[in-house]
Amino acid sequence: MHRLAAGALGLAAAAVVSLAAPSPAAACTIALIPGLTTDAFYITMRKGAEMAAKAVGCELLFQGGPEFNPTVQVPVLQAVIARQPDAILIAPTDKQQLIAPLQQAVEAGIPVITVDTFIDDGKYQDGSGLGDFPLSYIATDNILGGFLGGVALARSIGERGKVYVSNVKPGISTTDQREEGFKLAMRAYPNITVLDTQFNDNDANKAAAQVQAVFARNEDLAGVFGANLFSALGAADGVKALGKSGVIKVVAFDTPTRIVDDLKSGLIDFAIAQHPAEIGYFGVMSAFAVINGQSIPPAIGTGITVMDKDNVDDPEIAKFIYSD
Ligand code: T6T
């Protein structure tokens, strides 16, 4: 009895000792370079990445710039390469301009995976193209998302009238593909006229001013597709400033809380939610697999959820609202 108690106590003491021991050094360091740091989309991606990093015992190094811009992103990437992480996850801010800087990471022996956006043609490890070297591309199907946005906007305007795409700037894989998908959908609607795309440089104020300028030239403007978070917020703000809420329809890509508020108020009709936490989670898990000598698929597709006023309070839908 006495011996048993002592034995049990010994075990408990050992357990306490091992709990109190300093935690072992991280098994690896994985860097995540977002398009920009102050964007709810990447903030949410970071959360998923942190969760995976914790699960596998790696450190996550989250380092990015204040603007979605290759001139800002390249020096951040160079600083990250100098720290020699075991792998780099990056959302390249330009399809062409990030190819050479990322090649430097590979030359330094650091495996590269792109998340959200891609470089070159986005088809990796197929032996063709200068930007073939990243090991995987983990992202939303942006053509499909743009297509769904197009169908939603067409239906909300009664399949007739003038619409345009509010977009960031040419050369970004995600937003280029969303516009492509949107225009593909529009082919099925002969009574809809697609006006020239307006590029806003990821500036919601500029996107809002553009709605007003397009309306000044087209008083029968029926709808706007905001191809990312800032384009959509600006489109909604512009429609509101015109006093045309619910008259000029808005479909948004991305779902931070403000866009959800605008869905509820009727300013935005539909919003396409990406699953950024999923992108971050699978990004880290894929990097961990590579670090441990495993092969990974060259592309991993993550989900889309279409939100509207009627479904956004359902917890299974609401869980895809981004964290601000
Ligand atoms: O839409 C996301 C992202 O997918 C895109 O590549 C850039 O813009 C966002 O970060 C939203 O601001």
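Indexing begins at 1, ligand by ligand and atom by atom, following the structure's order. Heavy atoms only: backbone and side chains are in, while hydrogens, waters and symmetry mates are out.
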Enquirer: Which ILVMFWY residues can you reach from Ile119 by hopping between side chains whose heavy atoms are under 4.5 Å apart?
Expert: Ile33, Val74, Val76, Leu77, Val80, Ile81, Ile88, Ile90, Leu98, Ile99, Leu102, Val106, Ile110, Val112, Phe118, Tyr124, Leu130, Phe133, Tyr137
Enquirer: When you compare the side chains of Asn167 and Asn200, does any donor N or O come within less than 3.5 Å of an acceptor on the partner?
Expert: no
Enquirer: Given that the side chain starts at C-beta and the backbone is N, CA, C, O, which of these parts of Leu229 lies under 4.0 Å from ligand 1, counting heavy atoms, or is it both or neither?
Expert: both
Enquirer: To which protein heavy atom is atom 9 (C) of ligand 1 closest, and what is the distance rounded to 0.1 Å?
Expert: Asp39 OD2, 3.5 Å
Enquirer: If you apply the rule salt bridge (charged side-chain N to carboxylate O under 4.0 Å, His left out), what do you find for Glu179 with Lys183, and how did you get there?
Expert: CA-CA 6 Å; Glu179 183 170 336; Lys183 289 185 171 165; 2.8 Å; yes
Enquirer: So for Gln177, does at least one of its heavy atoms come nearer than 4.0 angstrom to any atom of ligand 1?
Expert: no
Enquirer: Note the single closest protein heavy atom to atom 2 (C) of ligand 1, along with its residue, its atom name and the distance in Å.
Expert: Asp254 OD2, 3.4 Å
Enquirer: In this structure, does ligand 1 have an atom that sits under 4.0 Å from one of the heavy atoms of Phe230?
Expert: yes
Enquirer: Counting each atom of ligand 1 from 1 as listed, which ones have a heavy atom of Thr117 under 4.0 Å away?
Expert: 6 (O)
Enquirer: What pairs with Tyr281 under side chain to side chain contact (heavy atoms under 4.5 Å, CB included), at least two apart in sequence or on another chain?
Expert: Met51, Ala52, Met285
Enquirer: For ligand 1, which atoms have a heavy atom of Gln274 less than 4.0 angstrom away?
Expert: 1 (O), 2 (C), 3 (C), 4 (O)
Enquirer: Does one side chain, of Thr305 or His275, offer a donor that lies under 3.5 Å from an acceptor on the other?
Expert: yes
Enquirer: With a heavy-atom distance limit of 4.0 Å, tell me whether Phe253 approaches ligand 1 through its side chain, its backbone, both, or neither.
Expert: neither
Enquirer: Numbering the atoms of ligand 1 from 1, which are under 4.0 Å from a heavy atom of Phe68?
Expert: 7 (C)
Enquirer: For atom 3 (C) of ligand 1, what's the nearest protein heavy-atom neighbour? Residue, atom name and distance, please.
Expert: Asp116 OD2, 3.3 Å
Enquirer: Using 30° and 60° as the class boundaries, would you call the ring planes of Phe253 and Phe225 parallel, tilted or perpendicular?
Expert: perpendicular
Enquirer: Is the number of heavy atoms from other residues, nucleotides or ligands under 6.0 Å of Gln104 CD greater than 12?
Expert: yes
Enquirer: So does Lys240 have more than 12 non-hydrogen atoms from other groups sitting under 6.0 Å from NZ?
Expert: no
Enquirer: Between Thr174 and ligand 1, is there a nitrogen or oxygen pair with a distance under 3.5 Å?
Expert: yes
Enquirer: What protein heavy atom lies closest to atom 8 (O) of ligand 1? Include the residue and the distance to one decimal.
Expert: Asn228 ND2, 3.0 Å
